[in-house]
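Here the structure comes first, spelled out in structure tokens, and everything after it is commentary.
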Amino acid sequence: KHVCIESYALELAPNEVSSSEIEDRLAPLYEKLHVPFGTLARLSGIKSRHFYDRDVTPSQVATNVARLALDRAGFGSEHVGALFNCSVTRDYFEPATAVLVHRNLGLSEDTMAMDISNACIGFSNGMMVLASMIESGVTKAGVIVSGETLTGITDCSMKRLVEEDHIDREALLKTLPTFTLGSGAAAMVLCHDSIATKGHKIVGAAARSASQFNDLCKGNADFCFFHNGDFNPLMETDSHPLMAAASKLGARTWQDASEVLGWSAADIDHIFCHQVGRQVNEGFYKTMGLPMDKEHTVYQSYGNMVSAAMPSALITHAEDNVLQKGQKVLLTAFGSGLNAIFTGLIW
């Protein structure tokens, strides 16, 4: 009843890489396995994505975008009682990346800092936790941030495909979704409506965890600093069963969210789904019972920015003034596990 999005910020990584450039590096394997050039863009709909240099850390990019979001808030940092870092990629196994961002921002000692990491859905988890804290009076305001640096896992996956002799079509198809990933950072400041200056209200959220599908997308080595330079993150994805399970989980989550929010599908003005690519298609929306013509996407140019993907789409369209005051916005977040969180906003 009392939680608002006060401000937000988005950062894209500086190095743009096209799907064609990625496939150029895979050309020998494509030829060996008789895979048509252009398969990556055709299957995913992703034309380009952005990357940071290898020495850029998640805490650095998270700090940049969190500082910008705080600067845009209509109140001072003395009201900020919590900072949640929600990225998949992290600086270290410990300490939490959130404490590095906390230090960089110069936040006070009584501002809680912790990581909330849950694959691509972490940002929505952060919104739920922080909104609950604000609603219950624990804090007046807080920051949610995700800084994703996916250069390492992309390079290591490329090296494996190019250098290992035993790669077959199945192994390639399981690895190909890794090359849809892109880097960047997103942040939001949430606050109690008593200090809000913007009035974008969070109405409620519903979450479900279909953990029987935990084996459909698995990645290792999420932190950036390793001893002796031993860095070999890899990810494998069974795309078709994952998307089929996600659409059915989305249908059940929408039923919950519809009751919580008091909305029907016809009430919604805008939908922002996890930006995984073209796989979130008309059939996916039909299964969920939601109208695809109200969806907005950025994956074509940003790629899948993991936990920053869904908020990147929302922030991009908000900054382009696509969202108008009083409109109903539905955020449909999905993450491997399999998890879903649907969040309702009134802009």
Side-chain angles (χ1 to χ4, degrees), residues 1-10 62 65-66 69-70 72-75 77 79-87 98 101-102 107 110-146 186-209 253-254 256-263 268 270-274 307-315 318 323 326-335 339-347:
K1 298 179 186 300
H2 299 288
V3 183
C4 296
I5 298 173
E6 172 68 10
S7 59
Y8 41 80
L10 173 67
V65 76
L70 283 168
R72 291 173 175 175
F75 48 78
S77 60
H79 293 290
V80 176
L83 167 68
F84 298 149
N85 180 81
C86 304
S87 59
V101 179
H102 183 284
L107 295 175
D110 60 1
T111 299
M112 175 193 299
M114 71 175 183
D115 286 354
I116 298 177
S117 185
N118 191 16
C120 295
I121 205 169
F123 200 94
S124 289
N125 282 120
M127 291 180 71
M128 288 187 76
V129 173
L130 182 54
S132 297
M133 290 175 63
I134 294 170
E135 186 75 18
S136 61
V138 175
T139 181
K140 283 285 190 182
V143 186
I144 315 153
V145 64
S146 285
M188 280 185 187
V189 176
L190 306 188
C191 70
H192 194 274
D193 59 6
S194 63
I195 62 170
T197 66
K198 306 297 192 303
H200 309 310
K201 300 203 73 169
I202 298 180
V203 183
R208 280 183 175 258
S209 297
T253 308
W254 166 237
D256 295 340
S258 179
E259 293 179 15
V260 169
L261 303 173
W263 296 357
I268 300 168
H270 304 283
I271 299 175
F272 296 92
C273 189
H274 175 52
S307 70
M310 185 274 294
S312 74
L314 173 66
I315 293 169
L323 311 182
Q327 289 185 325
K328 292 180 174 67
V329 180
L330 184 68
L331 310 180
T332 61
F334 294 90
N339 293 302
I341 298 177
F342 286 17
T343 307
L345 314 175
I346 295 181
W347 207 248

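Taking all atoms of both residues into account, the shortest heavy-atom contact from Val145 to Ala66 is CG2-CB, 4.1 Å. For the pair Trp263 and Ile268, the tightest heavy-atom approach, listed with the atom from each and the gap, is CE3-CG1, 4.1 Å. For the pair Val3 and Ala131, the tightest heavy-atom approach, listed with the atom from each and the gap, is CG2-O, 3.5 Å. Contact record, Ser307 with Ser87: OG-CA, 3.4 Å, taken as the closest heavy-atom pair. Taking every heavy atom of both residues into account, His79 and Thr139 meet most closely at O-OG1, 3.8 Å. Smallest separation of non-hydrogen atoms from Leu107 and Ser77: CD2-CB, 4.2 Å.
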Test side-chain contact (heavy atoms from CB on, under 4.5 Å) applied to Asn339 and Asn125, step by step: CA-CA 10 Å; Asn339 293 302; Asn125 282 120; over 6 Å; no
Test log, rule side-chain contact (heavy atoms from CB on, under 4.5 Å), inputs Leu314 and Met188: CA-CA 11 Å; Leu314 173 66; Met188 280 185 187; 3.4 Å; yes
Verdict with reasoning, Phe84 to Leu190, per side-chain contact (heavy atoms from CB on, under 4.5 Å): CA-CA 11 Å; Phe84 298 149; Leu190 306 188; over 6 Å; no
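With rounding to the nearest 0.5 Å, the separation of CD1 in Ile195 from CD1 in Ile134 is 8.0 Å. Going from atom OG of Ser209 over to atom CD1 of Ile121 covers 7.5 Å, rounded to the nearest 0.5 Å. Distance NZ/Lys201 to CD1/Ile5: 12.0 Å, rounded to 0.5 Å. For the atom pair CG (Asn118) and CZ (Phe123), the distance works out to 14.0 Å, reported to the nearest 0.5 Å. For the atom pair Leu331 CG and Ile202 CD1, the distance stands at 8.5 Å (nearest 0.5 Å). A distance of 10.5 Å separates CE of Met112 from NE2 of His102, quoted to the nearest 0.5 Å.
Within the 4.5 Å cutoff, the side chain of Phe334 has heavy atoms near those of the Cys273 side chain. In this structure, the side chains of Met127 and Ile341 stay at 4.5 Å or more apart for every pair of heavy atoms. When side chains are defined from C-beta on, Lys328 does not count as touching Leu330, because their heavy atoms never get closer than 4.5 Å. The shortest distance between side-chain heavy atoms of Asp256 and Phe342 does not fall below 4.5 Å. A heavy-atom distance below 4.5 Å is not found between the side chains of Leu345 and His200. Between Thr332 and His274 there is no side-chain heavy-atom pair separated by less than 4.5 Å. Annotation: side chain of Phe272 is in contact with side chain of Leu323 (closest heavy-atom distance under 4.5 Å).
Using a distance-only test at 3.5 Å, with no hydrogens or angles considered, no donor-acceptor pair links the side chain of Ser258 to the main chain of Trp254. Although no hydrogens or angles enter the test, the distance criterion places no donor-acceptor pair under 3.5 Å between the side chain of Thr111 and the main chain of Gly81. The closest donor-acceptor contact from the side chain of Lys140 to the backbone of Cys191 lies at 3.5 Å or more, if one exists at all. Side-chain atoms of Asp115 come within 3.5 Å of backbone N or O of Ala98 as a donor-acceptor pair.
Between Trp347 and Tyr8, the ring planes lie tilted relative to each other; the angle falls in the 30° to 60° range.
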